Amino acid sequence: LAMAVASLLPAAGARRSQDLHCGACRALVDELEWEISQVDPRKTIQMGSFRINPDGSQSVVEVPYARSEAHLTELLERVCEKMKEYGEKTDPSTHRKSYVRVISQDGTKMDLSGVKFDGDVTSSLKFACESIAEEYEDELIEFLSHEAENVKDRLCSKRTDLCDHALHIPHDEL
């Protein structure tokens, strides 16, 4: 019996790690998309070369600030702080863990039944978020610099395999 239990522990630990990294990736994308949506769409930033061309012109273009590389890089530096606003929820049938906001972004009341919210959960989630943001910075910027559908699935499941088990996770809205 002890050997049977011991053989299950690595699988449970690996699943917990996979659930954590998948949840961190999905929460990271949610937070980035929320932050992007909060920027005034009329706000622009100048991109390109500020050198004067031989004909006297400059190769400068104005692009929307919200999805600019400068803004996305700035967001990636601080977005993982938002993980302290998440808790852990365990599916009673599959025992898979998912991560949900415990503090709404718009002040609405939230259903927190069955949500575990403590320092261990938030620090683990924040650490996983920071690891993902660092390791996949280029992919995050690539996906978020253009408005795209299903960024969470495309990035967290297909591009990175962080959520290869999660193609059945319901699509939620912020």
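Residue numbers start at 1 and run along the sequence shown. What you see is a predicted model; the values in this text were computed from it and never measured.
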**Study point:** Salt-bridge criterion met for R96 and D91 (N-O under 4.0 Å)
**Key:** no

Review point. Can a salt bridge be assigned to the pair R101 and D30 using a cut-off of 4.0 Å between side-chain N and carboxylate O?
Key: no

Study note, to complete from the structure: For D153 and R26 the tightest heavy-atom approach is OD1-NH1, 3.2 Å

**Study point:** All side chain to side chain donor-acceptor pair (under 3.5 Å) counterparts of D138, not counting sequence neighbours
**Key:** none

Revision key, fill the gap. Heavy-atom closest pair (G23 atom, Y99 atom, distance to 0.1 Å) is CA-CD1, 3.7 Å

Exercise for review: Flag yes if I103 and L112 sit in one hydrophobic cluster, no otherwise; membership is Ile, Leu, Val, Met, Phe, Trp, Tyr, and two members link when side-chain heavy atoms are under 4.5 Å apart.
Suggested key: yes

Check your understanding: Are C129 and C80 close enough that their SG atoms are less than 2.5 Å apart?
Key -> yes

Practice item. Write down the atom of I45, the atom of A70, and the distance for their closest heavy-atom approach. Key: CD1-CB, 4.0 Å

**Study point:** Non-neighbouring partners of E62 that pass salt bridge (charged side-chain N to carboxylate O under 4.0 Å, His left out), sequence neighbours left out
**Key:** none

**Study point:** Non-neighbouring partners of R154 that pass salt bridge (charged side-chain N to carboxylate O under 4.0 Å, His left out), sequence neighbours left out
**Key:** none

Revision key, fill the gap. Hits for salt bridge (charged side-chain N to carboxylate O under 4.0 Å, His left out) against K126, two or more places apart or cross-chain, chain-then-number order -> E81, E130

Review point. Going by the ring-ring contact (aromatic ring centres under 6.0 Å, His included) test, which pairs reach into residues 102-130, not counting sequence neighbours?
Key: none

Revision key, fill the gap. Note: L72 and I36 closest approach over all heavy atoms is CD2-CD1, 3.6 Å

Check your understanding: Do E31 and R78 meet the salt-bridge criterion of a basic N to acidic O distance under 4.0 Å?
Key -> no

Review point. What residues form a salt bridge (charged side-chain N to carboxylate O under 4.0 Å, His left out) with E135, not counting sequence neighbours?
Key: none

Check your understanding: Does I141 share a hydrophobic cluster with V29, counting links as ILVMFWY side-chain heavy atoms below 4.5 Å and allowing steps through other members?
Key -> yes

Exercise for review: May I ask you to check whether over 12 heavy atoms, not counting those of E134, lie within 6.0 Å of atom CD?
Suggested key: no

Check your understanding: Any chance the side chains of T90 and K97 put a donor and an acceptor closer than 3.5 Å?
Key -> yes

Review point. Where is the tightest heavy-atom contact between S68 and V63, given as atom of each residue plus distance?
Key: CB-CG2, 4.4 Å

Exercise for review: Give the minimum heavy-atom separation between S104 and M110, together with the two atoms involved.
Suggested key: N-SD, 3.1 Å

